[in-house]
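Working notes for the structure below.
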Amino acid sequence: MSDYNQQMIEQFRGNFLKEVESNVEEGEWVKMCMQCGVCSGSCPFGPHWAHPPQEIFMMIREGEREQVLTSDSMWMCTSCYNCIVRCPRGLPITHIMHGLATYAKRLGLAPKEQPTAKFAQLFWDNLTKTGRVNELKLGLALYFMNGFSEGIKTSLKMKDIGLGMWKTKRLNPMEMVGGHSCKDTKGLQAILAKAQEIEDAKIGRSGA
Amino acid sequence: MSEVIATNQTILVVGGGIAGMTAALEAAECGKQVILVEKNPSVGGRVGQLYKYFPKLCHPKCGLEINLRRMKANRNLRLLTMTEVTAVTGEAGNYQVSLRTQPRYVTENCTACGECARAVEAEFDNEHNFGLGKRKGAYLPYSLAYPMRYVLDPRIIGTDDATRAKEACKYDAIDLDMQPQETQITVGAIIWATGWRPYDAARIQPYGYDRFANVITSVEFERMADPHGPTGGKLLRPSDGKEAKNVAFIQCAGSRDRNHLKHCSRICCMATLKQTTYLRDKYGDDFKASVYYIDIRAIDRIDDFYQKVRADENVSFIKSKVASITEDRETGNPVLNGVDTEGYHRYSNPHDLVVLAIGMEPSVPAGEFPVDVVLNEEGFVQQDEANGAFFAAGCSSDALDVNRAVQNATASALRAIQVVNRVAGTEV
Ligand SMILES: Cc1cc2nc3c(=O)[nH]c(=O)nc-3n(C[C@H](O)[C@H](O)[C@H](O)COP(=O)(O)OP(=O)(O)OC[C@H]3O[C@@H](n4cnc5c(N)ncnc54)[C@H](O)[C@@H]3O)c2cc1C
Ligand code: SF4
Ligand code: SF4
């Protein structure tokens, strides 16, 4: 568990709703939920999440900090926006889900083996290296996410799609060596570092 | 129409529903001169469309009948049907009001024998039954209409049907040359009692009111239950005419929702509880009612009623706002999809029929008032000094049940009486 997590536990002393309101994007909306259930019933993920949004909001109010932040639920959100469109109280549910996921990640509580979380990290690492997404490397990294033999199997399964993409110039095998990049990779990385610094300062984590 | 005499000591009441009738009668029975205008051919308003009244479950006929008797007996009250207010100028104690009266094509000679209706062939959607079923082009608005006089639909004027109707009438009561009439009157105070209308259910897209035959509104269900209604009192599925015995009720359909009406419509919880008793009345023990709700708002003394319905083993309550309705193509059954709040169980429940407990909105939308008035966020008329002697009564002031609409109408009558008394005092 990170120092930052410990720091937040001490600061909010069991008032998890307050913690969410101050630290999670759009968190101040959580208390507006009237527990009608429309969001949960509208989610295309149906029964596949541990806790649908309505339940997550109730758990936050109940102070179930650990269960919420380590849950994989927020990571299941596909941003379809069905819930936002239908919520009778106008809660920006999708944004809150992403806000919670981001916060859990910062605290070091996000589930380690959750595929969406893993993919998000792969995507980020891939993109920030050159300023361009390297489709080939990203794809392969994704296939090999769950180990080598699993990766080989998936690659073989996807081979025809890969060939098709190559033929229609959607995929370049040369990307394997280096690959294309934006004009000023160094500059981009400096921007990102600065953004991280500002964000860290904002959440009181500088030096942490 | 004979001369309408009015002075700035006259009170104008607009809308002849239960609230408008009450306000008009209270004022007239205090000796004030009252003109009551109603845009429909009959007074009665929405109450005339109910099968039974909560909380006592008596027939609305009783409530209406008493008022009609009071109306017939009172010489201070002048009723103008098929009339609307087109413009208002002036101020408290002295308003100039323009009225427009549509032709009824039937005079006071009418005995309501119904010969004209038998002679006419053309049929139109029956508005009293919310478009369920048809009525003739010459018709009595409904069995308890007042005035008890037939009407010719303007769409048959100039056709053979109009001539047939005229020839069929033994009392020479049909006048095909009637024209719209404009009237100017002066009044001292205005009571606005134009009531409510059901929210447009088709706008609640996930519920598919416009796509699925077996999704109806609570007002339509009310008409179906009525023996004088379009199905003769049978609760039938519109898709195949089969009896609906497994009925779902969806609460807050269009209410308490930022995408629709923000307010709680207040009466729909009670209306649903009442409607579950219709099922028991018709089918005995052979029915199933499922009420999907956010929370049940059966206010104050009405809680007893709620407890009684709760105790009915054939009525179940599911704490969940239904997320969407789909249709089982084979059976025509609407399937309700959602997650319940007590345990977060996911459900997909088929029912024979779904009744949307539809919300109430003001019948006159903001921007269509003949004079500037202060409205609240939901479009109901506010009690506000800036409104001068323009007072709302009944559901034009808020979503109310009959009991509260009537109380509120009496209060408005008193306010209007104070204004015309002041006028009278200064003029002596
Ligand atoms: C499904 C359902 C069931 C209900 N059941 C019950 C129940 O069991 N018990 C109960 O207490 N309440 C019940 N209610 C509520 C009840 O219908 C209202 O309280 C009642 O209708 C209010 O009366 P009102 O006179 O204010 O309005 P309305 O009944 O709407 O009357 C308004 C009148 O004004 C006229 N009008 C409209 N616009 C104009 C205009 N521009 N110019 C002239 N005239 C105009 C209309 O034609 C109408 O006659 C129910 C409501 C619903 C939706
Ligand atoms: S739809 Fe909105 S109000 Fe309803 S449970 Fe979900 S977040 Fe809460
Ligand atoms: S009365 Fe009941 S059904 Fe109607 S809006 Fe209020 S809570 Fe919803």
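Because the structure is a prediction, the values reported are computed rather than measured.
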Within the side chain of Y207(B), is there an N or O that forms a donor-acceptor pair under 3.5 Å with the backbone of A253(B)?
no

What's the spacing between D340(B) CG and E342(B) CD if we round to 0.5 Å?
6.5 Å

As an exercise, state the distance from CH2 of W196(B) to OG of S397(B), rounded to the nearest 0.5 Å.
14.5 Å

Based on non-hydrogen pairs under 4.5 Å, which of G41(A), P88(A), G90(A) is most in contact with chain B?
P88(A)

With chain B as the partner, which of H51(A), Q35(A), M58(A) has the greatest number of non-hydrogen pairs under 4.5 Å?
Q35(A)

Quick one: what part of R256(B) sits under 4.5 Å from any heavy atom of chain A, side chain, backbone, both or neither?
both

Looking at K321(B), K319(B), K262(B), which makes the most heavy-atom pairs under 4.5 Å with chain A?
K321(B)

Can you tell if the side chain of E21(A) reaches within under 4.5 Å of the side chain of K31(A), non-hydrogen atoms only?
yes

Are K194(A) and E197(A) within salt-bridge range, i.e. N to O under 4.0 Å?
yes

Can you tell which of C83(A), P47(A), P52(A) has the highest number of heavy-atom pairs within less than 4.5 Å of chain B?
P47(A)

